[in-house]
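No experiment lies behind these values; they were computed from the predicted model shown.
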2 protein chains.
Amino acid sequence: MASLGELERAVMDLLWAGHEAATANTLRDMLAQSTAAHGGAAGHEGKDLAVTTVLTVLSRLEKKGLVERERGMRPHRYQAVSSREDHTAELMHEVLGSAPDREAVLARFIGSVTESEAETLRKLLGHS
Amino acid sequence: MASLGELERAVMDLLWAGHEAATANTLRDMLAQSTAAHGGAAGHEGKDLAVTTVLTVLSRLEKKGLVERERGMRPHRYQAVSSREDHTAELMHEVLGSAPDREAVLARFIGSVTESEAETLRKLLGHS
DNA sequence: TTGAAGTTCTACGTTACGTAGAAACAGCGC
DNA sequence: GCGCTGTTTCTACGTAACGTAGAACTTCAA
């Protein structure tokens, strides 16, 4: 239950953008954003979708535990449960987790990170 | 096109076992193995599948580039294109690749590896 | 040449996802 | 109070992936 469809990802992108700004988005907001970014960055082409389409997707994302919805106020507020970075890192752990030989996988993995990333990792891992 | 179904994964597990032994498996081999490991380790429960089912799955895996088939000899030989470790590491890169801020993801990622794994990583990254 | 083993073709059921209409609901201005 | 407009829910259809496998064609060996 980890993979996202194309539209699901596009919606998460919008929510993640808001996450950084600690914003709780309304549906209206999101539609505006996606229309503004039409054909631009925020994926999924500039074709505007039906309102219900986005809501359906939001519901599915909520069921998957990726989105939280505040039902108190009337235009509900939607927000990503975790940041994009956290989510991605979690995904990586998920992938890694299913491996019998985790360390061997890690060896391959760092075998192909960029030098700058390797540098970051060294710092993060601290001196030994 | 990265995710595998349950049966697809089970089949890959068989092939990966052979990969370590540099074995090129025939269909017969695989059925024997999966039956032997029935209800045991090699997943997917002990129910034995139709021959064609496994072949279909193998074809799909081939199409996905995960399996290579030698068509020369008559009982064809099937083998995993890359080891489980390589494949998993590749998957991790795939997940990471889609992130705008790769380094931030890495930071979160290593935030939750075991100490022994961190140690491994330090060794692999070498001294800076 | 005939039969068993192997392979290909085709197909059906289920589930995920993109998509959206129809209907129920909730405030707002009159 | 009442209807209009924006919001949410319910339901549903089309496509694609995957589990599953029958039917038919191909090989090789006896």
Side-chain angles (χ1 to χ4, degrees), chain A residues 1-15 24-35 38 42-79 91 94 98, chain B residues 1-15 18 24-35 38-39 42-79 91 94 98:
Chain A
M1 252 259 235
S3 69
L4 299 184
E6 200 179 340
L7 178 53
E8 290 178 325
R9 181 159 301 278
V11 167
M12 284 311 295
D13 277 339
L14 289 182
L15 290 179
N25 308 271
T26 67
L27 176 59
R28 189 158 218 53
D29 288 340
M30 303 182 61
L31 288 173
Q33 276 180 261
S34 88
T35 301
H38 82 98
H44 211 261
E45 234 27 62
K47 48 185 297 195
D48 36 334
L49 304 163
V51 188
T52 52
T53 299
V54 179
L55 277 187
T56 301
V57 169
L58 280 170
S59 294
R60 288 179 181 161
L61 289 171
E62 190 185 13
K63 195 180 310 175
K64 291 188 192 178
L66 295 184
V67 165
E68 211 169 35
R69 146 168 23 190
E70 287 184 56
R71 286 185 146 85
M73 52 257 339
R74 198 34 172 148
H76 294 181
R77 304 303 152 83
Y78 304 87
Q79 60 191 311
L91 261 190
E94 231 169 82
S98 66
Chain B
M1 252 255 239
S3 69
L4 299 184
E6 201 179 338
L7 178 53
E8 288 178 326
R9 181 159 300 279
V11 167
M12 285 310 295
D13 277 339
L14 289 183
L15 291 179
N25 308 271
T26 67
L27 176 60
R28 187 159 219 51
D29 288 341
M30 303 184 62
L31 288 173
Q33 277 180 260
S34 87
T35 301
H38 81 99
H44 211 262
E45 235 26 63
K47 46 185 298 194
D48 37 333
L49 305 164
V51 187
T52 51
T53 299
V54 180
L55 277 187
T56 302
V57 169
L58 280 170
S59 294
R60 289 179 182 163
L61 288 171
E62 191 186 12
K63 195 179 312 176
K64 291 187 192 178
L66 294 184
V67 165
E68 210 169 35
R69 146 167 24 190
E70 288 183 56
R71 286 186 144 85
M73 53 255 342
R74 199 36 173 146
H76 295 180
R77 303 304 151 85
Y78 304 87
Q79 60 191 312
L91 262 190
E94 229 169 85
S98 66

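Comparing C:dC17, D:dG19, D:dA21 against the side chain of B:T53 picks out D:dA21 as the nearest. Distances were taken from every side-chain heavy atom of A:L49 (C-beta onward) to each of D:dC18, C:dA20, C:dG18; the shortest belongs to C:dA20. Comparing C:dT7, C:dC25, D:dG19 against the side chain of A:R74 picks out C:dC25 as the nearest. With D:dT8, C:dT19, D:dG19 as the candidates, the nucleotide lying closest to the side chain of B:V57 is D:dG19. Of the candidate nucleotides C:dT7, D:dA21, C:dA20, C:dT7 has the atom lying nearest to any side-chain atom of B:H76. Here D:dT8 is the nucleotide among D:dT8, D:dA21, C:dC17 with the atom lying nearest to any side-chain atom of A:L55.
Computed from coordinates, the A:M12 CE to C:dG18 P distance equals 13 Å when rounded to whole Å. One atom, CD of A:E8, and another, C1' of D:dA16, lie 14 Å apart when rounded to the nearest Å. When rounded to the nearest whole Å, the span between CD of A:E70 and P of D:dT7 equals 16 Å. When rounded to the nearest whole Å, the span between CG of A:L7 and P of C:dA16 equals 17 Å. A:R77 places its CZ atom 10 Å from the P atom of D:dT7, with the value rounded to the nearest Å. If you measure from atom CZ of B:R60 to atom C1' of C:dT10, you get 11 Å, rounded to the nearest angstrom. Counting to the nearest Å, the P atom of D:dT26 and the CG atom of B:L27 are 19 Å from each other. Rounded to a whole Å, the CE atom of A:M30 is 15 Å from the C1' atom of D:dT8.
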Worksheet item: Could you go step by step and tell me if B:L49 and B:L7 meet the side chain to side chain contact (heavy atoms under 4.5 Å, CB included) rule?
Response: CA-CA 10 Å; B:L49 305 164; B:L7 178 53; 3.6 Å; yes
Item to complete: Verify side chain to side chain contact (heavy atoms under 4.5 Å, CB included) between B:E68 and B:E70, making sure each step is shown before the conclusion.
Response: CA-CA 7 Å; B:E68 210 169 35; B:E70 288 183 56; over 6 Å; no
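The shortest heavy-atom contact between B:L61 and B:M12 is CD1-SD, 3.7 Å. Nearest heavy atom pair, residue B:L14 against residue B:M30, reads CD1-O, 3.7 Å. The heavy-atom pair separating B:S3 from B:K64 by the smallest distance is O-NZ, 3.4 Å.
Across all strands shown, B:R9 has no heavy atoms under 4.0 Å from either base or sugar-phosphate atoms. At the heavy-atom level, B:K63 lies nowhere under 4.0 Å from the strands shown. Using a 4.0 Å heavy-atom criterion, one finds that A:R28 contacts the sugar-phosphate atoms exclusively.
Between B:R71 and the phosphate of C:dT8, there is a side-chain N or O to OP1/OP2 separation shorter than 4.0 Å. Distances shorter than 4.0 Å separate some side-chain N or O of B:Y78 from OP1 or OP2 on C:dT7.
Proximity of B:D13 to B:R9: side-chain heavy atoms (C-beta onward) are separated by under 4.5 Å at one or more points.
Scanning atom types as modelled, one donor and one acceptor separated by under 3.5 angstrom connect the side chain of A:T56 and the base of C:dA20.
In terms of position along DNA chain D, the nucleotide closest to B:K64 lies nearer the 5' end than the nucleotide closest to the other residue of the pair B:A50 and B:K64.
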